[in-house]
Amino acid sequence: MKHLAVLAALLTPLPALADTDPANWDAVVAAADGQTVYWNAWGGSTTTNAFIAWVGDRVAEDYGVTLEHVKLTDTADAVTRVLAEKQAGQNDDGAIDMIWINGANFAAMKEADLLFGPYASQLPNWAVVDVAGKTVQTDFTVPTDGYESPWAMAQVVFIHDTADLAEPLGSVQAILEWSTANPGRFTYPQPPDFLGTTFLKQALIDLLDDTSVLADPATDATYDTVTAPLWAYLDALTPTLWREGRAYPATGPAQLQLIADGEVDLAISFSPGEATAAIANNQLPPTARTFVLDKGTIGNASFVAIPYNSGSSEGAMVVANFLMSPEAQARAQDPEILGYGTVLDMAALTAADRARFDMLTLGVATLSPAELGTVQAEPHPSWATRLADDWADRYGVAQ
């Protein structure tokens, strides 16, 4: 993610307005008909890929929009593409129309005026989003200001195979003690993979007595002191990991495959329903369950954003709005599909739309909202960038 820093050097704002006013929804829908939307989104999960394909079928059927899923391994690749187009003066009809984006990537694009908008609050389905109860107007402490729209809620859980690890572990210190007693049975994806970096942030939050400093940007004056407990922790943990920390799974699904193959017993996830969905899809054993830490775990929303130079911004808005529809939200929350949390306010829905959610069975491996406990706020995105870079210098291995 180091290459994202060059975005700050681009100081010339560019207009990021659609040909069609986002507030004129009928005109947006009319202009979207016949457009092709290239959605750059992580492509490492077969279940997520299938959901995106379903979204494509639905927006084609209802709006005449063609959705093409451009599968990414790293969201920063899409950001770099938009940046390169700006540097080349390609300010119309860029290659990317929508990005599944979060955190440091959103902050960098927003700062460099690479985003279309604001549009999110003008989408019709924004009226049923739980603006008050969910973190849908900030992204890793950065105000969204309408430049991205939410489509899923997530919270860190740990997936464990109860056949070998029967009881939950209440802290990262307890994870270290268990891993020391059971070497080779735990790992996490290699940063800068999103989940791998999330493990670093989660460990730091759990180790700190006061996490308020993480809401502000990381600075040279605070960084070393604040992160010292994390590096001491990882120095002790790393030799106890799968393959003694000399190799790491590249992605979250690769990590779950290690559980399925009986190589590890514990994994990190950012989807409370992922274990149930994976059991249903025969990707995890039926003995898999989830837990959270006693002090709580990190939670956030997933967003989509539209680059400033999209040639299909109307079509992208149609897709973004459909992602927030009760139909799409209920399908995403179904543990046999994705098991994602919804961004919607149940009290704002019609009885028929609430029934979509009432009919869902969360499944044996999914914690209830009460069991998920306290949600810990994401640190400022600058912490994630520095943690991932420092981790690579200290523990990184070639893939």
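The figures that follow rest on heavy atoms only: side chains count, while hydrogens, waters and symmetry mates do not.
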Legend entry - Considering all heavy atoms, the nearest L284-A260 contact: CD2-N, 4.3 Å

Legend entry - Validation row, ring centre W231 to ring centre W391 under 6.0 Å: no

Inset, instruction - Take E327 and R356 through the test salt bridge (Lys or Arg N to Asp or Glu O under 4.0 Å) and record every step on the way to the result. - result: CA-CA 8 Å; E327 178 187 0; R356 297 177 184 269; 5.2 Å; no

Legend entry - Distance-only polar pair, side chains of Y340 and T48, donor-acceptor under 3.5 Å: yes

Legend entry - Distance-only side-chain donor-acceptor flag, T240 / T180, under 3.5 Å: no

Inset, instruction - For residues V343 and P150, report the shortest heavy-atom separation together with the two atoms involved. - result: CG1-CB, 4.0 Å

Legend entry - Pairs touching residues 280-291 that satisfy salt bridge (charged side-chain N to carboxylate O under 4.0 Å, His left out), sequence neighbours left out: none

Legend entry - Distance-only side-chain donor-acceptor flag, E263 / W242, under 3.5 Å: yes

Inset, instruction - Return the orientation label for the F186 and F199 ring planes: parallel under 30°, perpendicular over 60°, tilted otherwise. - result: perpendicular

Legend entry - Test side chain to side chain donor-acceptor pair (under 3.5 Å) applied to S310 and S313, step by step: CA-CA 6 Å; S310 166; S313 56; 5.1 Å; no

Legend entry - E148 to A305 - nearest heavy-atom pair and separation: CB-CB, 4.0 Å

Inset, instruction - Decide if atom CD of E336 counts as having more than 12 heavy atoms of other residues, nucleotides or ligands within a radius under 6.0 Å. - result: no

Inset, instruction - Could you verify whether a donor N or O on one side chain and an acceptor N or O on the other, from D261 and Q257, lie under 3.5 Å apart? - result: yes

Inset, instruction - Please determine, by modelled atom types, if Y248 and D193 share a side-chain donor-acceptor pair under 3.5 angstrom. - result: no

Inset, instruction - Could you tell me whether the side chains of T287 and D161 share a donor-acceptor contact shorter than 3.5 Å? - result: yes

Inset, instruction - Group every Ile, Leu, Val, Met, Phe, Trp and Tyr by side-chain heavy-atom contacts under 4.5 Å, then state whether L207 and F158 land in the same group. - result: yes

Inset, instruction - Determine the minimum heavy-atom distance between V28 and D21, stating which atoms define it. - result: CG2-O, 3.5 Å

Inset, instruction - Taking the side chain as every heavy atom from C-beta outward, state whether S271 and L338 have any pair of such atoms under 4.5 Å apart. - result: no

Legend entry - Qualifying residues under side-chain contact (heavy atoms from CB on, under 4.5 Å), relative to A232, sequence neighbours excluded: none

Legend entry - Step-by-step ring-ring contact (aromatic ring centres under 6.0 Å, His included) determination, F291 to H160: CA-CA 8 Å; F291 65 84; H160 63 126; 5.2 Å; yes

Inset, instruction - State whether a side-chain donor-acceptor pair under 3.5 Å links T138 with T141. - result: no

Legend entry - Counterpart residues, side-chain contact (heavy atoms from CB on, under 4.5 Å), relative to A27 (two or more places apart): T20, N24

Inset, instruction - Side-chain contact test, heavy atoms from C-beta onward, threshold under 4.5 Å: evaluate it for D130 versus V136 and give yes or no. - result: no

Legend entry - Check: D390 and T227 side chains under 4.5 Å, non-hydrogen atoms: no

In a table with atom names and distances, give each donor-acceptor pair under 3.5 Å that connects a side chain of residues 369-376 to protein atoms at least two apart or in another chain.
unit_1, atom_1, unit_2, atom_2, d
E371, OE1, S368, N, 2.8
E371, OE1, S368, OG, 3.3
Q376, NE2, K295, O, 2.6

Legend entry - Residue D358 excluded, over 12 heavy atoms near CG under 6.0 Å: yes

Inset, instruction - Check whether the side chains of S269 and E274 place a donor and an acceptor atom closer than 3.5 Å, and report yes or no. - result: yes

Inset, instruction - Flag the pair V131 / W126 as yes when at least one side-chain heavy-atom distance between them is below 4.5 Å, and no otherwise. - result: yes

Inset, instruction - Scan residues 32-46 for pairs that pass salt bridge (charged side-chain N to carboxylate O under 4.0 Å, His left out), counting only residues two or more places apart or in two chains. - result: none

Inset, instruction - Please report the closest heavy-atom contact between G273 and T366, naming both atoms and the distance. - result: CA-OG1, 3.7 Å

Would you list the atom pairs, donor with acceptor, under 3.5 Å between side chains in residues 167-176 and any protein atom, with sequence neighbours excluded?
unit_1, atom_1, unit_2, atom_2, d
S171, OG, Q173, N, 3.4
S171, OG, A174, N, 3.0

Legend entry - Side-chain heavy atoms of W383 within contact of L214, under 4.5 Å: yes

Inset, instruction - Among F303, W151, W39, find the residue that satisfies the ring pair (Phe, Tyr, Trp, His ring centres under 6.0 Å) test when tested with W100. - result: W151

Legend entry - R354 CZ: over 12 foreign heavy atoms closer than 6.0 Å: yes

Legend entry - Minimum heavy-atom distance L208-P229, with the two atoms named: CD2-CG, 4.4 Å

Inset, instruction - Using only heavy-atom distances, determine whether the side chains of Q90 and N309 contain a donor-acceptor pair under 3.5 Å. - result: no

Inset, instruction - Go through the steps for Q333 and T342 under the test side chain to side chain donor-acceptor pair (under 3.5 Å), then give the verdict. - result: CA-CA 6 Å; Q333 191 166 30; T342 182; 5.2 Å; no

Inset, instruction - Output, in order, the C-alpha distance, side-chain angles, deciding distance and verdict of salt bridge (Lys or Arg N to Asp or Glu O under 4.0 Å) for D145 and K110. - result: CA-CA 10 Å; D145 293 327; K110 186 184 181 193; 2.7 Å; yes

Legend entry - Cationic tip of R331 above W54 ring, under 6.0 Å, 45° of axis: yes

Legend entry - Close side-chain approach of M324 and L123, heavy atoms under 4.5 Å: yes

Inset, instruction - With salt bridge (Lys or Arg N to Asp or Glu O under 4.0 Å) as the test, would you mind laying out the steps for R58 and D62 before giving the verdict? - result: CA-CA 6 Å; R58 292 292 292 110; D62 287 359; 2.9 Å; yes

Inset, instruction - Mark yes when over 12 heavy atoms from residues, nucleotides or ligands other than Y38 sit less than 6.0 Å from its OH; otherwise mark no. - result: no

